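Order of appearance sets the numbers: ligands from 1, and atoms from 1 within every ligand. From a predicted model like this one, the values you see are computed outputs, not experimental measurements.
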Amino acid sequence: MLFDFKNITADEGFLREAIEQADIATLSMVLVQLSGDTEILQTIKPYVHGPWNYSVDMPEDLQSDLRERLIALLKDYAETGRALPPPPPVDQIQSMMSACVGEEVPADFVPMMMEELAFHGGDTREISWQSNDARDAASEFKVLIIGAGMSGVLAAIKLKRMGIPFVVIEKNDAVGGTWYENRYPGCGVDTPNHLYSYSFEPDHIWTQFFSKQKELQAYFERTVDRHGLRDNIRFNTEVVSAIYQDVDGSWEVVSRDRSTGEEVKYNVRAVISAVGQLNRPQMPDIKGLSSFKGKVLHTGAWDDKYPLAGKRVAMIGTGASAIQAAPTIAPQVSELHIFQRTPHWIIANRNYHASVTSGKKWVLEHLPFYARWYRFQLFWAFSDAIHNALVVDPNWPHQERSLNARNERFRINLTQYYKDKLGENSELLKKVIPDYPPYGKRMLIDNHWFDMLQRDNVELITEGIDRIEADAIFTKDGARHEVDVIIMATGFAAHKMLWPMDIRGNDGVALRDLWGDDDPRAYLGITVPKFPNFFLLYGPNTHLGHGGSIIFHSECQMRYIAKCLRWLIETGHKEMEVLEAVHDDYNDRCDDAHSKMVWTTGATSNWYRNTKGRVVSNSPWRLVDYWAMTFEPDFNEYKVR
Ligand code: NAP
């Protein structure tokens, strides 16, 4: 592959500065790949300790030697006009992976990670046609996508590339889904953006490692424009119903314009639901709430015109939304009363508030292979490397505080962090240390939460709420907390998936009846018996609780769906419907895996479980397992006609 080394070495001063700002373990992989010198892997080995601490320990003279070697090599490439070397052999890749995260990366991860590394460039999950006839047939196979959030945009990109005609129905007047709707102060992502982005669209717009809502929204808007999808999207329109037509194996979908009420009927061969799980704000059922005369806001339905400055504010809830919103508004409001029902485990991340420096941005964009190795490191650190810490060790004696030795180490380290922030014996410390194992609820990233709790105008209230009256919240101890505004940071109705659409499959079966209020189930989170050619993105049991990027998960699901569509088109079959036995067996395995995981055994409430205690949101699998399960559909698992 030809690469413009002349351009990147043209200004040596700038190159030097940029390379100085790059991460040394990542840079070392670029050096190994460009030089072929695998000795470097041994040289750096003693200094790269585990995924959270890639390079901190490496002596300065070694770092500078590696940087100098890379600069000299880049200049040599520029002078000789050499092409980029071919990707290293698989066993070398595995050694490189292990060296750059400081621990052994098992062989079963390599194929998945090779896909993520995408050394040949382009979209490694692209689906191709076996014949031109099939491609022609694809142009007759209409699909409807519900939702233009992260996963709906992904589906649209893939269908467009396959030449499948589609329309996207979006209830909002913009794309982005949760990143459009959630606009509370401080809203942002807590998966690093160089991982939380499409694998084929590694955009370098990120100004921070963990971007805020506006930048995320801009990423999805830009992606839609780059792929020319806007004309396919019907904004401000919602799907009212989707009814399967047994006679010809099609779906009749009715949409309604939210302004005019005008209804439009679509007849399509397949439906892809991409509606998300976290977009229906959950209002708590607190006595007297309707009698409150002040302003009530919900983090998931923010009114950005409402001024909070100088107000006495209550915030109910201390989850992922609260930890971003409360520290952001605390300096503006006169009083902030935070009502905590259950404390969360909170971890520090040294990049959480950091900006991407110009040098780092430059190497990510221009230095060959750097961005790919960086993404791999994030992928490893933020996902399966943590999974076993969430699984019960039946011989571990302290199940109430931790699940296994590794989970206990998390507890000890996190507790020490709380102590460092709040003081060994402070009253606050007693209130905020959870009594359940780490990861029992969603792990939060410290957004100056502990600093905020120590502000003079902030009070953390752990007494339960009794009732709300016209101008105050009363706690069970009889205390009255007078406020002007109540912010509900109380989460989403996550279990009411696909609500309130009326979706009916074979024999008129309604999805709502099948799932009830809060028990959604699907095979691989993607297909449901009785609902032929109906596919789900981010469906039941696909949320990630141990880490990883939901975008990666959606890409796995979309590859599976795209292969199903290709098969229908290439074979001329009208429909495919997952076998009930396959679906039930999968869900049994899912439940069984969950029964050994922290969300079930960790003795605390969380939004992952339904009213019966079944985990319906989260996936129990490691990413590598789910990747393998969704890699290739097995059509024997489907009833086809
Ligand atoms: P959440 O995690 O479900 O937190 C809801 C909070 O409200 C909890 O503290 C809960 O207490 C409390 N609560 C609920 N009902 C209550 C009541 N009646 N009385 C008192 N307290 C009550 O909701 P969220 O913070 O909106 O986050 C939901 C999910 O969205 C996250 O887990 C994450 O997946 C996603 N999210 C991600 C980001 C990000 O990427 N940075 C940001 C925001 C949200 P209990 O714990 O006692 O139930």
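Note on Asp123 versus Lys158: salt bridge recorded, some NZ/NE/NH1/NH2 to OD/OE distance being below 4.0 Å. At a threshold of 4.0 Å, the pair Asp484-Lys295 does not count as salt-bridged, since none of the basic side-chain nitrogens sits closer than that to a carboxylate oxygen.
Of the listed options Gly319, Gly300, Ser321, Ser321 places a heavy atom closest to atom 24 (P) of ligand 1. Around atom 33 (C) of ligand 1, the closest heavy atom drawn from Met443, Arg442, Gln324 belongs to Arg442. Here atom 30 (O) of ligand 1 lies nearest to Leu278 when heavy atoms of Asn182, Leu278, Leu444, Asp190 are compared. Looking at Gly188, Gly186, Gly545, it is Gly188 that brings a heavy atom closest to atom 41 (N) of ligand 1.
Residue contact annotation: His543 has a non-hydrogen atom under 4.0 Å from ligand 1. Put simply, no part of Thr299 is less than 4.0 Å from ligand 1, judged by heavy atoms. For Phe492, the closest heavy-atom approach to ligand 1 falls below 4.0 Å. Residue Tyr184 places a heavy atom under 4.0 Å from ligand 1. Between Gln340 and ligand 1 there is no heavy-atom distance shorter than 4.0 Å.
Judged by distance alone, the side chains of Asn457 and Arg455 do bring a donor and an acceptor atom under 3.5 Å apart. When only modelled atom types and interatomic distance are considered, Asp190 and Tyr352 share no side-chain donor-acceptor pair under 3.5 Å. There is a side-chain donor-acceptor pair under 3.5 Å between Asn447 and His353. In the model, Gln557 has a side-chain atom that pairs as donor or acceptor with a side-chain atom of Tyr626 under 3.5 Å. At a cut-off of 3.5 Å, with distance as the only test, a side-chain donor of Asp446 or Tyr417 sits close to an acceptor on the other residue. Judged purely by distance below 3.5 Å, without hydrogens or angles, the side chains of Glu408 and Trp396 never pair a donor atom with an acceptor atom. There is a side-chain donor-acceptor pair under 3.5 Å between Glu221 and Gln217.
Under a 4.0 Å criterion applied to the non-hydrogen atoms of Lys441, ligand 1 contributes the atoms 45 (P), 46 (O), 48 (O). Near Thr342, meaning under 4.0 Å from one of its heavy atoms, ligand 1 places the atoms 45 (P), 46 (O), 47 (O). Distances below 4.0 Å separate heavy atoms of Pro284 from the following atoms of ligand 1: 17 (C), 18 (N). For ligand 1, the atoms closer than 4.0 angstrom to any heavy atom of Gly317 are 6 (C), 7 (O), 9 (O), 12 (C). Atoms of ligand 1 found under 4.0 Å from any heavy atom of Gly491, numbered from 1 in the order shown, are 3 (O), 5 (C), 23 (O), 24 (P), 26 (O). Remark: ligand 1 atoms within the under-4.0 Å shell around heavy atoms of Val189 are 40 (O), 41 (N).
For atom 10 (C) of ligand 1, the closest non-hydrogen atom on the protein side is Arg341 NH2, 4.3 Å. Atom 27 (O) of ligand 1 has Ala320 CB, 3.8 Å as its closest protein atom, hydrogens excluded (heavy atom only). The protein non-hydrogen atom at the shortest distance from atom 5 (C) of ligand 1 is Ala489 O, 3.3 Å. Here the heavy atom of the protein found nearest to atom 2 (O) of ligand 1 is Trp607 CD1, 3.8 Å. Ranking the protein heavy atoms by distance from atom 8 (C) of ligand 1 puts Thr318 N, 4.0 Å first. Among all non-hydrogen protein atoms, the one lying nearest atom 20 (C) of ligand 1 is Ile316 CG2, 3.6 Å.
Around atom CG of Asp304, more than 12 heavy atoms belonging to other residues, nucleotides or ligands sit under 6.0 Å away. The 12-atom threshold is not exceeded at NZ of Lys214, counting heavy atoms of other residues, nucleotides or ligands nearer than 6.0 Å.
Remark: ligand 1 and Asp285 share no N or O pair separated by less than 3.5 Å (distance only, no angle test).
Among Asp592, Asp591, Asp518, the one residue that satisfies the salt bridge (Lys or Arg N to Asp or Glu O under 4.0 Å) test with Arg614 is Asp591.
The side chain of Ser605, and not its backbone, has at least one atom closer than 4.0 Å to an atom of ligand 1 (non-hydrogen atoms only; side chain from C-beta on). Heavy atoms of Cys187 found under 4.0 angstrom from ligand 1: none, in either backbone or side chain.
Note: Tyr198 and Phe200 have parallel aromatic rings, judged against thresholds of 30 and 60 degrees for the angle between ring planes.
Relative to the six-membered ring of Phe220, Arg222 misses at least one condition, a distance below 6.0 Å or an angle of at most 45° to the axis.
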